[in-house]
Amino acid sequence: MQYPGQQLIDLHSHTHFSDGELDPMALLMLMAEHGVEHLAITDHDSMGAHYELRQRLSELNHTDKQPLPNIIPGIEISCSAANREIHVVGLNIDVDNPVLVAFVQQQQENRKRRIGLYCDKLEKLGMIGAMEELQKLSAEALTRAHLAKVMVEKGWVPDNARAFKRFIGRTGKAYVKMQWPEMEQAVDVIHAAGGMAVLAHPSRYQLSRKQLKLLIDQFADIGGDALELTYPNIDPQMFRWLSQQAELHGLRGSQGSDFHSPAWSWVKPGVFPPMPESIPPVWQSWLAT
Ligand code: AMP
Ligand code: MN
Ligand code: MN
Ligand code: MN
């Protein structure tokens, strides 16, 4: 949310290189229309949007570029901790760092294999032919969101939420328990690429307060830099508690819409509650605001 004297900064968003709907340029233009001045594109296990934009922006002349947000190179890495699939956002990363590039390549291969296992499980439940549809997609990082969409299109479930709840979510019948790299490895690879590691949307992992506290303790211990403190629909009580946890551990704060699609009526570019002033923002050292 924009407030006086501050620039509008959105540090979490997706393009069609992962499970977002828009191509990178369309996302930038939409964000600009909503007044976003600094945007981190953070696709799941993909940096393709950054390579494409580097090319596209170099083809534009200076005046064309004026209305577009400043781009902060980012990524959202899937990893394992707390017996869950945890997301760590890397911000201000070097997208050409060879350690990170090799890691992301491996993640994409694991994602393909994992989606294949999901499709096998669905077939056993009588839902046949998802893989063929998924193979037609151009996304670099195949996600369960892609699979859920196919399941809706095939008429196997009425909507995305039910695809997750009944079948592909953690307690669903076709869930595949994935051994992602440990959270520490995700933090290390982000640091190797010169970035800051942010624990994404801490309230969305279906953890009890006690379990979430342990996860945050662990994240701080392994050298994580920031907690995502504000995002759409965050419960105010959770927001206050997370802010206390950040202060307790000397972690910075981050913010972002986690924008995926204009069709998601509950997520608007750059819209989330303001960060508490007492917490140093993650962008402090690399953005002059
Ligand atoms: P993956 O990274 O392959 O596990 O896919 C996770 C993505 O699926 C998330 O980033 C969301 O975009 C989407 N997702 C996760 N849970 C749900 C849900 N319950 N309903 C709708 N979409 C979901
Ligand atoms: Mn997603
Ligand atoms: Mn996420
Ligand atoms: Mn995300």
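By convention here, the first residue in the shown sequence is residue 1. Everything quoted here is computed from the prediction, not taken from an experiment. Atoms within each ligand, like the ligands themselves, are counted from 1 in listed order.
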Answer yes if the side chains of [X] and [Y] hold a donor-acceptor pair under 3.5 Å, and no otherwise.
X: H146; Y: D19; value: no
X: H249; Y: D221; value: no
X: S261; Y: E21; value: yes
X: Q255; Y: T230; value: no

Where does the angle between the aromatic ring planes of H201 and Y205 fall among parallel (under 30°), tilted (30 to 60°) and perpendicular (over 60°)? tilted
Nearest protein heavy-atom contact for atom 20 (N) of ligand 1: which residue, which atom, what distance?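 Among all protein heavy atoms, the one nearest atom 20 (N) of ligand 1 is F164 CD1, 3.5 Å.
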Can you report which non-hydrogen protein atom sits closest to atom 9 (C) of ligand 1, along with the distance?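 Protein heavy atom with the smallest distance to atom 9 (C) of ligand 1: D19 OD2, 4.0 Å.
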Name the residue from H87, H16, H12 that meets the ring pair (Phe, Tyr, Trp, His ring centres under 6.0 Å) definition with H44.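 Among the candidates, only H87 passes.
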Counting heavy atoms only, name the option from R114, E85, H44 that's nearest to atom 1 (P) of ligand 1.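 The option holding the nearest heavy atom is R114.
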May I ask which of R111, H260, R144 has a heavy atom nearer to atom 2 (O) of ligand 1 than the others do?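 Closest candidate by heavy-atom distance is R111.
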What protein atoms of element N, O or S are positioned under 2.8 Å from the Mn ion (ligand 3)? E76 OE2, H87 ND1, H201 NE2
Below 4.0 Å from any atom of ligand 1, is there a heavy atom belonging to E76?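 Per 4.0 Å heavy-atom rule, E76 does not contact ligand 1.
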Any M178 heavy atom less than 4.0 Å from ligand 1: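 Not so, M178 does not reach ligand 1.
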May I ask you to say whether E133 pairs ionically with K136, meaning some side-chain N is under 4.0 Å from a carboxylate O?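 K136 and E133: salt-bridged.
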Between K149 and E153, does the salt bridge (Lys or Arg N to Asp or Glu O under 4.0 Å) criterion hold? Intermediate values first, please. CA-CA 6 Å; K149 189 158 181 268; E153 282 162 7; 3.5 Å; yes
